[in-house]
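This report refers to the structure that appears directly beneath it.
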Amino acid sequence: MRWLIPLLLAGPAAAQEFVVAPGPLSDEAFYRAVACAAQPDGVCQKPFIRWNAEKREALGVSLASIAPGLPPYKRQLIEAGLDDAIAQINGLDAGIRLLRAAGEGDIDVHIVSTPPGNIMTGTGIPALDGNMLPLGRVALRAREGEIREGVIAISAFVRRREIASILLEEITQALGLMTDIRGPAYRRSLFSEDGNSVTRIVGQDAAALRRHYAADGEGGS
């Protein structure tokens, strides 16, 4: 069993944090881009991973830790953003249902003291320490295509206007859609590599999540 953490590496077969889309993608190409890092008309660069059928019925998401000194207003926005992200995903009827967990959950969200662009240290969480934090980062423990555990780190330096978006994006990615997209047609996508302003999961973003858990991605692998 291993932790899957998005990395940007050299080489054609390397795992990628984002796929470049020169223009609008078909629903099929978009899904494969975010689910397995396939370039348009290309092959998968990552495995398809999903939560198992039992977990999908009640997947617990917890706010597991808060960086010391986080302003109360920011804590309130994070709490509200987490609840909203869960409600939006549940509202898609996508074959997976989330709930707020007290204490440890299946997906644990940690608000860490690391500024964006720095290496996380001192969190005490092996999946986080030693990894660079852009603003938010998800790590999934998976085996044979099945997600067993998820950890999300979000910088305590996140700006007010980015909180709802980054929470929705990272929680959605923790469901197995781990790759972003870079291209002018996707600046308003939740999976945009270049922004953190989208606060609704709609259109191809929503369709990709529905497909991922509909008959296990219709055989996608």
Side-chain angles (χ1 to χ4, degrees), residues 5-6 17 34 51 55-56 58-94 96-118 120 123 125 127-128 131 133-140 147 149-181 186-206 208-210 212:
I5 303 172
E17 286 200 69
V34 299
W51 291 90
K55 288 288 188 183
R56 294 174 202 178
L59 191 70
V61 182
S62 74
L63 185 56
S65 69
I66 299 285
L70 189 77
Y73 84 87
K74 194 170 282 190
R75 168 70 180 261
Q76 292 173 2
L77 290 172
I78 289 168
E79 294 276 7
L82 189 56
D83 287 339
D84 183 67
I86 289 171
Q88 284 198 57
I89 291 168
N90 289 344
L92 295 178
D93 193 22
I96 188 164
R97 185 163 187 81
L98 312 184
L99 53 82
R100 279 292 298 266
E104 188 174 319
D106 299 299
I107 301 171
D108 287 336
V109 179
H110 299 270
I111 311 303
V112 300
S113 300
T114 309
N118 286 262
M120 289 180 280
T123 70
I125 303 164
L128 300 182
N131 288 284
L133 181 64
L135 179 59
R137 181 174 287 279
V138 59
L140 302 177
I147 305 169
E149 184 181 355
V151 175
I152 293 171
I154 295 174
S155 174
F157 293 85
V158 62
R159 291 176 290 185
R160 177 194 294 264
R161 65 176 180 271
E162 296 173 320
I163 290 173
S165 178
I166 197 68
L167 282 166
L168 181 59
E169 176 185 359
E170 299 303 318
I171 292 170
T172 301
Q173 290 197 319
L175 303 182
L177 305 178
M178 291 189 72
T179 306
D180 283 341
I181 291 184
Y186 291 100
R187 288 174 182 154
R188 294 297 300 164
S189 168
L190 186 65
F191 296 95
S192 173
E193 171 67 11
D194 300 312
N196 294 296
S197 61
V198 177
T199 58
R200 313 313 292 171
I201 182 166
V202 297
Q204 286 185 313
D205 296 349
L209 183 57
R210 289 192 183 101
H212 201 54

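Because the structure is a prediction, the values reported are computed rather than measured.
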Positive for side-chain contact (heavy atoms from CB on, under 4.5 Å) with Val138, one of Ile152, Leu177, Ile171, Ile154:
Ile152
For the residue pair Ser113 and Ala67, what are the closest heavy atoms and their distance?
OG-CB, 3.4 Å
One thing to verify: whether Asp194 and Arg187 come together as a salt bridge, which I'm taking to mean a side-chain N less than 4.0 angstrom from a carboxylate O.
no
Answer whether the closest heavy-atom distance between the side chains of Gln173 and Val34 falls below 4.5 Å.
no
Let me confirm one number: the CD-OG distance from Gln204 to Ser189, rounded to the nearest 0.5 Å.
8.0 Å
Taking 4.0 angstrom as the limit, do Glu149 and Lys55 come out as a salt bridge?
no
Which heavy-atom pair separates Ala64 from His110 by the least distance, and what is that distance?
CB-CE1, 3.5 Å
Could you pull out the closest heavy-atom pair between Thr199 and Gln88, with the gap in Å?
O-NE2, 2.7 Å
For a 4.5 angstrom cut-off between non-hydrogen side-chain atoms, does Arg188 reach Ser197?
yes
Is there a side-chain contact between Leu98 and Leu175, using heavy atoms and a 4.5 Å cut-off?
yes
Interatomic distance, Leu167 atom CG to Glu79 atom CD [nearest 0.5 angstrom]
10.0 Å
Supply the atom-to-atom distance Leu70 CG to Gln76 CD, rounded to the nearest 0.5 angstrom.
10.5 Å
CD1 of Ile166 to CG of Leu135: how many Å apart, nearest 0.5 Å?
4.5 Å
Would you indicate whether the side-chain heavy atoms of Phe157 and Thr114 approach each other to under 4.5 Å?
no
Counting C-beta onward and ignoring hydrogens, is there a side-chain heavy-atom pair between Arg137 and Asn131 closer than 4.5 Å?
yes
Is the shortest side-chain N to carboxylate O distance from Arg210 to Asp205 below 4.0 Å?
no
Gap separating the CG atom of Leu190 from the CD1 atom of Ile201, nearest 0.5 angstrom:
5.5 Å
The reported gap from CD1 in Ile107 to OG in Ser62 (rounded to nearest 0.5 angstrom) is 9.5 Å
Using distance alone, with no hydrogens and no angle criterion, decide if Glu193 and Tyr186 have a side-chain donor and acceptor under 3.5 Å apart.
no
If every non-hydrogen atom of Asp106 is compared with every non-hydrogen atom of Ala58, which pair is closest and at what distance?
OD2-O, 4.0 Å
